[in-house]
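Numbered from 1 within each chain, the chains take letters A, B, ... in sequence-line order.
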There are 2 protein chains.
Amino acid sequence: MLHYPQEEPSFAVALSTSLVLFGFDGNNLQVLLAKSKRAPYDGALFLPSRYLNENEELMLSARKMFKQLFGYEDPTMIEQLQAFGKVFRHPGGRVINVAHYALVRKSDFQASNWDENDMQWVPFTQIPDLAFDHNEIVQYAKERLKRRVKRRPVGFRLLPDEFTLGQLQVLYETALEKTFDKRNFRKKLFKTTLLIDLEKKADGRADGQHKGSQLFSFNKEKYQKMKIQGYDFLF
Amino acid sequence: MLHYPQEEPSFAVALSTSLVLFGFDGNNLQVLLAKSKRAPYDGALFLPSRYLNENEELMLSARKMFKQLFGYEDPTMIEQLQAFGKVFRHPGGRVINVAHYALVRKSDFQASNWDENDMQWVPFTQIPDLAFDHNEIVQYAKERLKRRVKRRPVGFRLLPDEFTLGQLQVLYETALEKTFDKRNFRKKLFKTTLLIDLEKKADGRADGQHKGSQLFSFNKEKYQKMKIQGYDFLF
DNA sequence: GGGGATAGTGTAACATTTTCAAAAATTCGG
DNA sequence: CCGAATTTTTGAAAATGTTACACTATCCCC
């Protein structure tokens with residue numbers, strides 16, 4: 001029998017939100033994790049998470065957490081993944097965890113209370129056993145990221161404002177776990193007309209050595225217009 | 001400050017699951033809706049929903065609902081969409097609704113308690129104002145369906161075991177809200193090698209009139225093998 | 001057996017993707 | 001300052017995939 005809205009619900013569940021935060025260090029996609037100081041997961045890593053206050057919006061809770069971690073408000077790109085409710089049962093009752101994910105430029109963030117929570121970036125190919133059901137959440141987030149990267153130019157959110165095509169290619173190869181032909185990659189990116197040639201070169205000495213490469217930025221305004229008309233980034 | 005798992009949660013939320021059930025009648029994709037008999041939404045349509053019993057799995061709750069509605073267990077294809085928690089607040093407290101969706105062959109189901117709940121199929125292009133935040137959920141489900149239809153041959157789950165290419169094309173055109181050239185559609189489908197030619201014809205007299213068309217079924221076993229190797233159905 | 005309606009079929013133009021290698025720019029060390 | 005090493009940049013040809021397009025075949029009904 002369907003019992004909605006005829007039946008009475010039992011208000012006995014607690015809500016938490018977790019954030020899968022992806023950052024990029026130039027070679028690896030990384031996930032931000034905290035270290036637990038409490039039984040039964042003492043010492044284990046887990047996703048940044050918080051319990052919801054009464055009547056707090058799910059997304060707002062995720063945004064608050066983001067701000068606590070990085071000191072600035074992320075304007076748009078937090079997305080809900082799913083509700084996860086299988087594994088973790090708090091001694092006091094059931095907890096449903098609503099997981100979100102976000103992409104950050106590592107060049108942007110300011111660590112604030114990271115020491116206190118013993119937080120660290122972990123390469124997403126080397127995630128250890130996590131507390132609660134957080135491995136399942138990270139796995140789900142990786143798949144979502146892969147899909148998003150294919151259809152939307154989210155990759156740009158992981159790089160500094162000025163980047164080289166080489167960096168962009170490494171990012172896409174890392175996220176999609178495949179390699180691209182360099183010439184084809186550049187062709188495809190130029191065809192989008194979403195790259196702005198900054199007409200200056202990165203300092204060769206600074207990163208590796210040798211020939212400095214052209215710097216580009218992402219034409220966000222143009223993309224906004226194209227998106228409205230149903231543009232697919234397409235990889 | 002992150003307060004997880006250090007802080008104490010408050011167990012004051014109720015959980016419900018809703019199901020967006022898509023069926024196909026040969027011309028329209030439809031969504032199964034029930035009619036509310038209670039204020040403040042008396043008379044309004046809403047998605048089949050139920051409150052979770054304590055410690056019941058989210059997916060299990062969705063499956064129970066499915067069985068209540070159709071009298072059989074759907075083996076696989078129920079998928080969680082998201083948690084929705086914005087709009088509806090029960091007088092007794094907060095309710096978080098975890099929405100799922102599923103695809104059904106309308107030829108399979110046995111209506112059981114439908115009259116009692118005043119249930120009806122509604123074409124998904126003509127969904128009226130629904131109770132709670134269920135319009136938002138249906139919208140989300142439609143987008144998910146579109147994405148799934150493109151990458152996975154879920155369309156076959158909406159047709160009878162034996163179907164014609166014409167039926168299949170109408171289904172894809174409806175779900176993706178675009179039209180296909182008949183010859184190109186057939187070419188693409190044959191190239192997948194996932195169609196089994198049943199070497200018999202539909203009875204022309206039965207549906208419309210005129211020339212009876214070839215019947216096909218979907219090669220599920222072959223698809224399972226191809227899926228493991230990372231096959232994308234691709235539209 | 002003729003008219004009406006839907007099923008079924010192939011080809012050519014066009015677009016996209018893939019494959020592949022050599023030259024130009026810069027740094028470093030001697 | 002020059003040569004070796006390293007990285008960036010660039011294009012053309014072949015293969016593959018996509019799109020556009022119109023007539024014949026079959027069956028039912030009258």
Charged N to carboxylate O below 4.0 Å: is that the case for A/R144 and A/E79?
yes
Less than 4.0 Å between a side-chain N and a carboxylate O, is that true for A/E162 and A/K200?
yes
B/K142 side chain to B/F124 main-chain N or O, any donor-acceptor pair under 3.5 Å?
yes
Nearest-Å distance for atom pair NZ/C1', residues A/K178 and C/dT17
11 Å
Could you give the side-chain donor-acceptor pairs of residues 224-235 of chain B under 3.5 Å, partners two or more places apart or in another chain?
{"from": "B/D232", "atom 1": "OD2", "to": "B/R151", "atom 2": "NH1", "distance (Å)": "3.2"}

Listed partners of B/E221 passing salt bridge (Lys or Arg N to Asp or Glu O under 4.0 Å), at least two apart
none
To the nearest Å, give me how far apart CG (B/L189) and C1' (C/dA7) are.
15 Å
Roughly, in whole Å, what's the span from CD in A/Q167 to P in D/dT7?
14 Å
Mind telling me whether A/F132 and A/F46 have parallel, tilted or perpendicular rings, with 30° and 60° as the class edges?
perpendicular
For nucleotides 9-17 of chain D, read 5' to 3', which letter fits each nucleotide if B means a protein heavy atom sits under 4.0 Å from the base, S means only the sugar-phosphate is that close, and - means neither?
BBBB-----
From CZ of B/F185 over to P of D/dT18, roughly how many Å is that when rounded to an integer?
14 Å
Rounding to a whole Å, what distance do you find between A/Q169:CD and D/dT7:P?
14 Å
